[in-house]
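Predicted model only: the values in this text are computed from it and were never measured.
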Amino acid sequence: MSGADRPAVVSLNGSRGAADGPAVPLSPEDLAESAVRAVAAGADEVLVHPRTPCGRESLSPRVVGPVLEVLRGAGVGVPLAVPASIGAEPDPARRLARIGAWTVLPDRAVVHFAEPGAAELARVLLERGVAVDAVVSLGGPAGPKALERLRSWLVGAPGAGRAGVRVVTEIAAGPAVERATGPALPTGLRGLPPEAVLLFGRDGASWPALRLAGRCGTAARTGVGDVLRLPDGRPARSNAELVAAARELLPRAGEARCRAPRPRHDPKDAA
């Protein structure tokens, strides 16, 4: 966000629909207007879930391209990201074919490394010049396997490929996450440079995750795709309002960053 030293992403719509309230932009024009206002409020990147007229997520070039063109045509000059996941196309081979047919490219694409075919998908995106947000879970049913799979893939990836990958992790806990992590990144992410990490949470976990990102100097994410309420519990009226609230919580450049946990002192070391 403006004045901060890390990117801040606004998730314009996510999996939300009309039933989630008037703050959720639905049409391409509404998405564009929402993005413009969110960027004016301080967002540095925009994540949008392209949908067909009936509301289904899609990777079809006939769906993705027009949405990106509408946003860029409206003056959204920050990087645009789209998801490339099972939610948009369940079959890995068809997912690759859809992305290979894109004529209008996003700046970034979100790849879930717990899903089949993720490594090949990330490789194809990078070859097309699209940066990758690699989503990994640190807990839940998938456990650390997705992170291990990503690390193994990065070892064999060309240097330019590694530079185009950002690790994205959802903080799934509620407010207790702040007590559990203190000022440090979650254990599985320690050792990664903060600029190569994005932390986010959904609903009740969203604002604690954003505060953690602010302390650690990682990229942060907000928007109605993740959360519908402001930090004080009031319903958000727009993506711009959420971005403005996030801007107030994130520290400015040069302010405190997170640190690794101090090693425990062993009296024997002093002997």
Side-chain angles (χ1 to χ4, degrees), residues 1-16 20-25 30-49 71 76-81 83 107-108 110 133 135 166-178 181-186 189 194-258:
M1 294 182 173
S2 301
D5 58 348
R6 69 203 57 80
V9 182
V10 58
S11 177
L12 290 182
N13 53 348
S15 61
R16 310 284 190 189
D20 294 299
V24 182
D30 288 344
L31 289 165
E33 181 181 358
S34 184
V36 167
R37 292 183 177 181
V39 171
D44 298 302
E45 299 177 20
V46 171
L47 170 62
V48 59
H49 287 57
L71 266 65
V76 181
V78 301
L80 301 179
D107 300 286
R108 311 190 69 91
V110 180
D133 277 347
V135 180
R166 179 168 61 189
V167 179
V168 179
T169 295
E170 178 178 356
I171 303 299
V177 69
E178 293 179 290
T181 60
L185 280 170
L189 300 179
E195 61 270 17
V197 177
L198 184 151
L199 300 179
F200 77 101
R202 300 183 194 275
D203 298 319
S206 179
W207 297 109
L210 187 135
R211 292 186 184 97
L212 177 61
R215 292 196 302 273
C216 293
T218 72
R221 198 174 90 184
T222 189
V224 300
D226 292 341
V227 62
L228 295 173
R229 291 186 175 274
L230 297 165
D232 62 8
R234 290 180 295 120
R237 293 173 293 181
S238 66
N239 277 302
E241 191 173 28
L242 289 165
V243 169
R247 182 177 178 179
E248 291 299 317
L249 293 176
L250 288 172
R252 302 293 178 175
E255 293 184 358
R257 286 176 173 242
C258 71

[X] to [Y] - nearest heavy-atom pair and separation:
X	Y	result
Val224	Pro25	CG2-CD, 4.0 Å
Ala41	Ala240	CB-O, 3.6 Å
Ala209	Gly201	CB-N, 3.5 Å

task = Report the residues that fulfil side-chain hydrogen bond (donor to acceptor under 3.5 Å, both in side chains) with Arg229, sequence neighbours left out, ordered by chain and then residue number.
result = none

key: Set of side-chain hydrogen bond (donor to acceptor under 3.5 Å, both in side chains) partners for Asp133, sequence neighbours left out   = Arg108, Arg166

With a 4.5 Å cut-off on side-chain heavy atoms, are [Y] and [X] touching?
X	Y	result
Leu71	Val46	yes
Pro7	Val78	no
Leu47	Pro83	yes

Indicate every side-chain donor-acceptor pair of residues 31-40 with a distance under 3.5 Å to a residue at least two apart or in another chain.
{"unit_1": "Glu33", "atom_1": "OE2", "unit_2": "Arg37", "atom_2": "NH2", "d": "2.8"}
{"unit_1": "Ser34", "atom_1": "OG", "unit_2": "Asn239", "atom_2": "ND2", "d": "2.8"}

ask   = Quick one: do Arg16 and Asp203 make a salt bridge, cutoff under 4.0 Å?
value = yes

To the nearest 0.5 Å, how far apart are [atom1] in [X] and [atom2] in [Y]?
X	Y	atom1	atom2	result
Arg221	Leu210	CZ	CG	11.5 Å
Thr218	Leu199	OG1	CG	3.5 Å
Asp226	Ser11	CG	OG	4.5 Å
Arg237	Leu228	CZ	CG	14.5 Å

note = Hits for side-chain contact (heavy atoms from CB on, under 4.5 Å) against Ala236, two or more places apart or cross-chain, chain-then-number order -> Leu230, Glu241, Leu242

request  = With sequence neighbours left out, write down each residue that passes salt bridge (charged side-chain N to carboxylate O under 4.0 Å, His left out) with Asp107, or none if nothing qualifies.
outcome  = Arg72

request  = Please list, chain by chain and in numerical order, all residues satisfying salt bridge (charged side-chain N to carboxylate O under 4.0 Å, His left out) with Asp20, sequence neighbours excluded.
outcome  = none

message = Tell me which one of Asp30, Val48, Leu80 satisfies side-chain contact (heavy atoms from CB on, under 4.5 Å) with Leu12.
response = Val48

